[in-house]
Amino acid sequence: MSYTKSQLKAISTIDRNLQIIACAGSGKTEVISRRIVEILKQKKSACVGPPNIVAFTFTEKAAGELKDRIHLHCREVLGTDRGLADMFIGTIHAYCLTLLQSPPQYDFLKYRVLDEVQQRLLIDRNSKKSGLTETPLLNGGHLERWKDSALYQQLLAILGEGKVEPKKIPRAVWEAFGKYHELLVEKKLLDYTKIIAEAVAELKTNATIKEKISNQLKYLVVDEYQDVNPLQESLIRELAGLGANVCVVGDDDQTIYQWRGSDVGNIITFSDRYGDVRQLPLNENFRSSRAIVETARRIAEKNNPDRLQKAMEHTDAQPYQRGDLLALGFKDPAAEAEWIARKIKSLLGAPFTDRKDSPPRGLTYSDFAILLRTVRRDAAPILAALDRNEIRYVVAGMDGLFDTPEVRAMSLVFFYLSDFAPKGGTSPTETDVRAALQSPRLGLPSGRLDAGMDFLKAKKTTIGDRMDAELYLQRLYLDFLEAIQIREVDINAAAGDASAGEIVFFNLGKFSQVVSDFEQIHFNTVPKDLYPSFSQFLHFQAPGYYPEGWEEAGLARPNAVQILTVHRAKGMQWPAVFVPALRKNRFPSKRQGGRSVWSILPEKAVTNADRYKGTIADERRLFYVALTRAEKYLFCTWAPIADNQQQRTVSDFFNDFTNSEHVLTKDPVVSTPPRIPEKPRREDITLNLSFSALKYYFECPYLFKIRFLYGFDTPVSRALGYGKSLHDALAEIHSESIAGRIPSGTDVPRLVDEHLHLPFANAQVEQSLRDAAHRALSGYINEHGKNLTKLEHVEKPIELKLDEGVVVSGRVDLIRRTDTEEVVIVDFKSDERAQKEDISQKQLHIYAVGYEQLTGKRPDLIEIHNLDKGGAIREQVDSTLLANTMDTVVEAGRNLRDNKLTRISSWCKTCEGCDMVGICRPRETAMSKKAA
DNA sequence: AGCCGTGACATTTTT
DNA sequence: TGTCACGGCT
């Protein structure tokens, strides 16, 4: 790999703070990863290693890609990638959570992180305690339960992550904010904002943490810096203040998340706010033709105020021919769509060269992308045209989960059970439910419908004042699916399509998560209230919160035209890009009306209030992102919508685009280009796996698919949290031991009090588990207390980089040494989390390989403790088993990639203990076997 | 040309 | 419930 001058400069600038201004397509990830490896290389003598480097990315996916590249460069440059598991590469949220949950901090171990849906459920369920209904509107009145909870979430985010002037905020709003945080503490919950806020607070006030970080953190890299919000910036500030060298990377022209509070000001004034900053622009674009680069550049430069000084330069990455860039208007969207479809057809097989040194290949479906401001409103005519022309495509974010027949049917099941009448309708009868279940999508013969209806009728009579384990929502949902014996293969057969079942199961799996989200917040509600309440949630709120239905679950990309929003397209590229629907009020989008946070907060109280609303400059940046996705062909089009008053005129952006001299406004008639065989671009996808996910794969590949690809969840239990609590207590015991403060039996009551957190237990369960926890911990200290002086690592991150972009990562509970200085890998089980020993053994052998990769040393022994029963299994690390295990892991990676996740061929022990067997195969009991 | 009342319409999404 | 397009009016 050869680098340009400015890339080399960026890579080798490691002793000063650095701001890399990365134009679109400038090889940013390559530069950051190579720079990190350069630090390892040059600073090795100064004892700087992986634990001293931290890199923040915007998404987990980006983290995976960066990790992969660092591994690659490490092997190239240093000859080994040993020890990389100790480098933190991930999102700011993940970093902060780790910080809050690492020794000597133990309080936050028992906290659970809410996602946005669960946060909203919590707010509504506790509408007063959460402060929701006590929040006043500026012109009178208060926020209302259910109706305004989404708005309240937005308010919480601005108050927590934005820059606000407390004095200018109504007192009652501030008090509500406080109440919400009390509620979080009471329930031991964190939300996305609070993770960061708490970490910042610790960094500001906790001397121990400060010292720890300041000793450890030497280099901080922040990717996508333009999308950082004020709270995140304050974290970066604190980390820099503790002595870290800071490198930020970003492009102010690509700030597109302003409505989430990101502040371009951060990147623009970086060099004024941090000392000794070297500013390096990466101007060369290695992605697109000169025409695209120059056209896009003019758009970015056009009256976008406050830009960083830079000038994107082309490198003739693609040859340009007149006609590659077109700006066309049509009489209506149908005509526009038809032209797009025909253009795609005419370009299929056109010769295209991915890189200057690679041989040409013919363009195929996956080389085309259609980028829209809104897929939901503008995709329809395009889909119709592609269908007519038999062009394969995938749409992201088109129809919601709740629009699919299978999820509608499941909602109806719950409406029926609770006699819930959807707005403007009546509650469904048996006939209605039956009709919904009869949808060919579910592939159910009538006999199974009968069984299903019988099941529902019987259950319905039991819904009353008393909770029964069988009435927990998830339990009932899974039992119902078992009653109708739904099977992926049957759906495939009914549809005559080998992948139809995957889509339906994916959606049913998502529905299982919907059930979980609701149930975890409403755990203590009696059935006769729980069911109607869940129905209301399904009807009024859930559809807006689970917009995504089926999307290829991220493993393989099909050879099809991609249709997606510009936001989602960020970071991607295609040989040919269409940007249709360039109408005024659409792109740039019209500001939305309605009740907003500005009905609660005075605009003066929030610095940069405008940012949240979005400006024309923000929209232009978005347009710029769209244009710079294209490598060679770029087509901007528009057409008026006759019956929509606001969508009848052309967008200013279309005219800006037309102003470029490279753009033709009429499709030139050219002789058909030569065609060569179509061939998809080889795409390296990285696959990130956790050890726990892999554990399921070892049990049964199909179970893995059900749990991790489809997302089916298991029913909650009252004991949930017990195993985790023990685990947390042990983490403290071991961490404190390493620090020289070895706990004794007298510490056990305190440890139990501190760590036992059973969110779903009743008094009786709580008491018995509390006793059990006492016994387990006392037993452990009695039996193994003598070993506590010889501990090496607690919760050690382990990472395995396999071939073909598969990375497996996880944590080892404990690594200790024996009296004879042998290394032992230790894993803890409790009855709650019990599993078959051979799986634990396999798992520990993977850890053994991981440990070897991390330290270069092979562990000698593996040990499995059973905390509830006491005692331990101990065996020697076996090199044959080690090799076998590796083979299995590699094979697992390959099967995942190829989507070969089939169930175990016949009923076996695994099936007996499997939570998901009901949607896999009929149960075989001892009785049924005898009968057969 | 500019004012004003009326009616039509309503985005993006990761942690 | 805020914003825009439209058309009637000055």
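- Under the salt bridge (charged side-chain N to carboxylate O under 4.0 Å, His left out) criterion, A:E182 pairs with no residue at all, not counting sequence neighbours.
- Counting 5' to 3', DNA chain B first comes under 4.0 angstrom of a heavy atom of chain A and last does so at the ends given by B:dG7 to B:dT15.
- For A:R707, the salt bridge (charged side-chain N to carboxylate O under 4.0 Å, His left out) criterion is met by no residue, not counting sequence neighbours.
- At a threshold of 4.0 Å, the pair A:R260-A:D227 does not count as salt-bridged, since none of the basic side-chain nitrogens sits closer than that to a carboxylate oxygen.
- When the side-chain contact (heavy atoms from CB on, under 4.5 Å) test is applied to A:F177, the partners found at least two apart in sequence or on another chain are A:L156, A:L159, A:H181.
- Within 4.0 Å of A:R377, counting heavy atoms only, lie sugar-phosphate atoms of the nucleic acid but no base atom.
- Between A:D191 and A:Q119, the shortest heavy-atom distance links the atoms OD2-NE2, 3.2 Å.
- A stem is defined here as three or more consecutive Watson-Crick or G-U pairs, each with both distances under 3.5 Å; for DNA chain C these stems are B:1-10 with C:1-10.
- Residues meeting the side-chain contact (heavy atoms from CB on, under 4.5 Å) test with A:D115, sequence neighbours left out: A:V117, A:Q118, A:Y192, A:D517.
- A side-chain hydrogen bond (donor to acceptor under 3.5 Å, both in side chains) check over residues 228-238 of chain A, counting only residues at least two apart or in different chains, returns the pairs A:E161-A:N229, A:Y225-A:E233, A:E233-A:R273, A:E233-A:Y274.
- At a threshold of 4.0 angstrom between heavy atoms, the contacts of A:D378 with the nucleic acid are absent.
- Among the heavy atoms of the strands lying under 4.0 Å from A:S589 is at least one base atom, whether or not backbone atoms are also near.
- Taking the P atoms as reference points, B:dT13 lies 23 Å from C:dT3, given to the whole Å.
- Within the 4.0 angstrom heavy-atom criterion, only backbone atoms of the sugar-phosphate kind lie near A:N644; the bases stay farther away.
- With sequence neighbours excluded, the residues forming a salt bridge (charged side-chain N to carboxylate O under 4.0 Å, His left out) with A:K613 are A:E603, listed by chain and number.
- Residue pairs that meet the ring-ring contact (aromatic ring centres under 6.0 Å, His included) test with at least one member in residues 583-629 of chain A, sequence neighbours left out, are A:F587-A:F623, A:F587-A:F653, A:F623-A:F653.
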Using atom names, set out every protein N or O paired with an N or O of nucleotides 4-6 of chain C below 3.5 Å, distance rounded to 0.1 Å.
residue	atom	partner	partner atom	Å
C:dC4	O3'	A:N585	ND2	3.4

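- At a threshold of 4.0 angstrom between heavy atoms, the contacts of A:E60 are confined to the sugar-phosphate backbone, with no base atom among them.
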Distance-only criterion, 3.5 Å: show the donor-acceptor pairs between side-chain atoms of residues 88-99 of chain A and protein atoms not counting sequence neighbours.
residue	atom	partner	partner atom	Å
A:T91	OG1	A:A94	N	3.1
A:T98	OG1	A:A94	O	2.7

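- Taking the P atoms as reference points, C:dT1 lies 23 Å from B:dT12, given to the whole Å.
- Every residue two or more places apart in sequence or in another chain that forms a salt bridge (charged side-chain N to carboxylate O under 4.0 Å, His left out) with A:E619 is listed here: A:R373.
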